[in-house]
2 protein chains.
Amino acid sequence: MPKEKFTSIYEALKDNIIQKKYQETNMLPSELSLVEEFHCSRNTIRRAIAQLNSEGYVQSIKGKGVVVLEMNNAAPFNLSISNFSGLNIITKNKDVSAATSVLSFERLMIDETLSQKTGFKTGSEVYHLHRLRYINNEPLILDINYFLCDVVKDLTVEIAQKSIYHYIQHDLGLKIPSSRRMIRVEKATQEDMDVLALKDYNCVGVIISNTFIEDGRMFEYTESRHTPDNFTFVEFAQNQK
Amino acid sequence: MPKEKFTSIYEALKDNIIQKKYQETNMLPSELSLVEEFHCSRNTIRRAIAQLNSEGYVQSIKGKGVVVLEMNNAAPFNLSISNFSGLNIITKNKDVSAATSVLSFERLMIDETLSQKTGFKTGSEVYHLHRLRYINNEPLILDINYFLCDVVKDLTVEIAQKSIYHYIQHDLGLKIPSSRRMIRVEKATQEDMDVLALKDYNCVGVIISNTFIEDGRMFEYTESRHTPDNFTFVEFAQNQK
DNA sequence: TGGTATTTGTCCGTATGTATC
DNA sequence: GGATACATACGGACAAATACC
């Protein structure tokens, strides 16, 4: 893994921020002095700072400098359950157990109403499955997936029980560059109440994601239905202009 | 408003995407041909494309090109209620009415438990207010604000009823570059049930936001509690590596 | 008040690396 | 292997906002 220059600079700066090494001034050194420190061009420094900006560690102000934001120690970042590809991320980092049970598995054709809901073209063939995710032996997430058969060929229950993304990326050799997400709160369905540890909540947090492959086609529509307790989502917004 | 070059190129490309002018190949012209078309440097083209990338219109693939993603017509973008600074955005664009009523207004000092919750330092003085937001005459959002008195001086009920952000930006002349946000689902409190049009939901969608001013200090902690019906949040994620 | 230096923002041109076809 | 296309990096020029004297 050869690391790019701007990435290593980004990481060095981030470490300094977290360890509060810029606390006297509350500002980063100027771009020009960072150029000297890291022996690189100003553009490279600017890329590293742009990354810090987009993740909420700092904010740049024209004519003034780059200000370090408060509370970088608390770091709500990366705590986000359900980050990119499902929950595989949290199983790596923390000492939590995760398991998956496949509730249903079928192959079907998209009709008009399903096309409306999922965005797949009418007539497309998809795998449709319901999977229950256990975290520390508690059923906390119900995943409802639709995968385009043209892309995800020969899906089986065995694969669905492990990691579909692993199958797609390693066995099929496909790249998954990006996905759109929508976050909503919905009334719990009968199925939600039957399978999830909902306590007395009558709602679930829902993440609807559309995932794309290299040629621009959407190949996955997923509703990830979470019990409220374990549903937290972090983002950072920058004001335009 | 002098528009930057990369912004106008970004807008031109976005228009073409929405109007499906790249549909034959499903790809953008190569960066070099866009350089000729727009008479600019390759860096400028790359900035425009990076913007499209981050908003989920396209995805770049090394060695291949820039792929247009499906469903840009549906454009879930910008539908997001509670975008940057509260709900002023939706009141502009759509033909909906919005009103605010101030339920409570006080000045208080942050104690240990409030510091834990909000992130303000113990001993800070803040304005604490509850405001109910009506959309089309329905009480749909309960905003619970904490503003640092050192920054937002002389806040009044009259100002809170209009737009606090307008007051901060225009009257106080402060810039608000960025904010962190957390999205959660919580059990409805007694106050939620009393004031919001919750129907039979017993949960609310909560957006917790920390907003910063130029010097890096957090000056606002807000819980924006939404009825589930009007709570939708859109984001776009890109796979790292 | 005004002028100058500093600092970030935008833009340009070029070279090299790397993945795809 | 060669052509094409995106990715990274360098260096330089000027503008705009800010800070300082």
Side-chain angles (χ1 to χ4, degrees), chain A residues 1-11 13 22 25-54 57-68 169 173-178 213-216 238-241, chain B residues 1-11 13 22 25-54 57-68 169 173-178 213-216 238-241:
Chain A
M1 303 253 170
K3 210 175 289 181
E4 305 97 344
K5 209 163 184 175
F6 80 90
T7 302
S8 59
I9 294 174
Y10 152 79
E11 287 172 354
L13 294 175
Y22 300 127
T25 61
N26 210 30
M27 299 188 63
L28 256 54
S30 77
E31 291 177 353
L32 286 183
S33 60
L34 288 174
V35 162
E36 290 187 4
E37 182 179 343
F38 288 99
H39 306 288
C40 66
S41 75
R42 194 175 150 225
N43 274 332
T44 306
I45 292 293
R46 285 182 61 75
R47 281 198 66 176
I49 292 177
Q51 183 92 3
L52 294 171
N53 242 296
S54 75
Y57 288 98
V58 303
Q59 62 191 4
S60 301
I61 296 163
K62 186 195 286 198
K64 198 173 177 193
V66 179
V67 179
V68 179
Q169 293 185 310
L174 296 174
K175 291 183 182 174
I176 304 164
S178 55
I213 48 172
E214 281 198 343
D215 63 4
Q238 285 180 78
N239 209 346
Q240 49 269 35
K241 192 170 56 167
Chain B
M1 306 247 171
K3 211 174 291 182
E4 303 97 345
K5 210 161 182 177
F6 81 91
T7 302
S8 59
I9 294 174
Y10 152 78
E11 288 172 354
L13 294 175
Y22 301 126
T25 61
N26 210 30
M27 299 187 61
L28 256 55
S30 78
E31 292 179 350
L32 285 183
S33 60
L34 289 174
V35 163
E36 289 185 5
E37 181 178 343
F38 289 99
H39 306 290
C40 67
S41 77
R42 197 174 148 229
N43 274 332
T44 305
I45 293 292
R46 283 182 63 74
R47 283 197 64 177
I49 292 176
Q51 183 92 3
L52 294 171
N53 241 294
S54 74
Y57 288 98
V58 303
Q59 62 192 3
S60 302
I61 296 162
K62 187 194 286 196
K64 197 175 176 190
V66 179
V67 179
V68 179
Q169 292 185 311
L174 296 175
K175 292 183 181 175
I176 304 165
S178 56
I213 48 171
E214 281 198 343
D215 64 5
Q238 285 180 79
N239 210 344
Q240 49 270 37
K241 193 173 58 168

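Protein chains get the first letters and strands the later ones, always in sequence-line order, with residue 1 at the start of each.
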Without decimals, in angstroms, what is the distance between A:Lys5 NZ and D:dA9 C1'? 7 Å
Does C:dC12 have OP1 or OP2 under 4.0 Å away from a side-chain N or O of B:Arg42? no
By nearest heavy atom, map A:Leu28 and B:Cys40 onto DNA chain C; which one lands nearer the 5' end? A:Leu28
Could you check if a side-chain atom of A:Ile9 sits within less than 4.5 angstrom of a side-chain atom of A:Leu34, using non-hydrogen atoms only? no
Rounded distance (Å) that lies between atom P of C:dG17 and atom CD of B:Glu31: 18 Å
Hey, are the side chains of A:Leu28 and A:Tyr57 touching, using non-hydrogen atoms and a 4.5 Å cut-off? no
Are B:Thr44 and C:dC12 close enough that a side-chain N or O sits under 4.0 Å from OP1 or OP2? yes
Could you check if a side-chain atom of A:Ile61 sits within less than 4.5 angstrom of a side-chain atom of A:Val67, using non-hydrogen atoms only? yes
In whole angstrom, what separates A:Lys64's NZ from D:dA17's C1'? 11 Å
Please report, rounded to the nearest Å, how far the P atom of D:dC6 is from the CG atom of B:Leu52. 13 Å
Rounded to whole angstroms, how far apart are OH on A:Tyr10 and C1' on D:dT8? 18 Å
What's the closest nucleotide to the A:Asn43 side chain, out of C:dT8, D:dT8, C:dC11? C:dC11
Contact class for B:Arg47 (heavy atom, under 4.0 Å): base, sugar-phosphate, or nothing? sugar-phosphate
Looking at B:Asn53, B:Val66, B:Val68, which hits side-chain contact (heavy atoms from CB on, under 4.5 Å) with B:Gln59? B:Asn53
Value in whole Å for how far the P atom of D:dC10 lies from CG of A:Leu32: 14 Å
Out of C:dG13, C:dT20, C:dT10, whichever nucleotide has its closest atom nearest the side chain of B:Ser41: C:dG13
Any idea which of C:dC11, D:dC6, C:dT8 is nearest the A:Ser30 side chain? C:dT8
Tell me which of A:Lys62 and A:Phe6 sits closer to the 5' end of DNA chain D, going by the nucleotide each one is nearest to. A:Phe6
One pair to check against salt bridge (Lys or Arg N to Asp or Glu O under 4.0 Å): B:Glu4 and B:Arg47. What are the steps and the verdict? CA-CA 11 Å; B:Glu4 303 97 345; B:Arg47 283 197 64 177; over 6 Å; no
Between CD of A:Gln59 and C1' of C:dT7 the distance, given in whole Å, is 16 Å
State which of C:dC11, D:dT18, C:dG9 makes the closest approach to the side chain of B:Glu214. D:dT18
In whole angstroms, how far is the P atom of C:dT20 from the CG atom of A:Asp215? 14 Å
Considering only side-chain heavy atoms of B:Glu4, which listed nucleotide, C:dT10, D:dT8, C:dA19, is closest? C:dT10
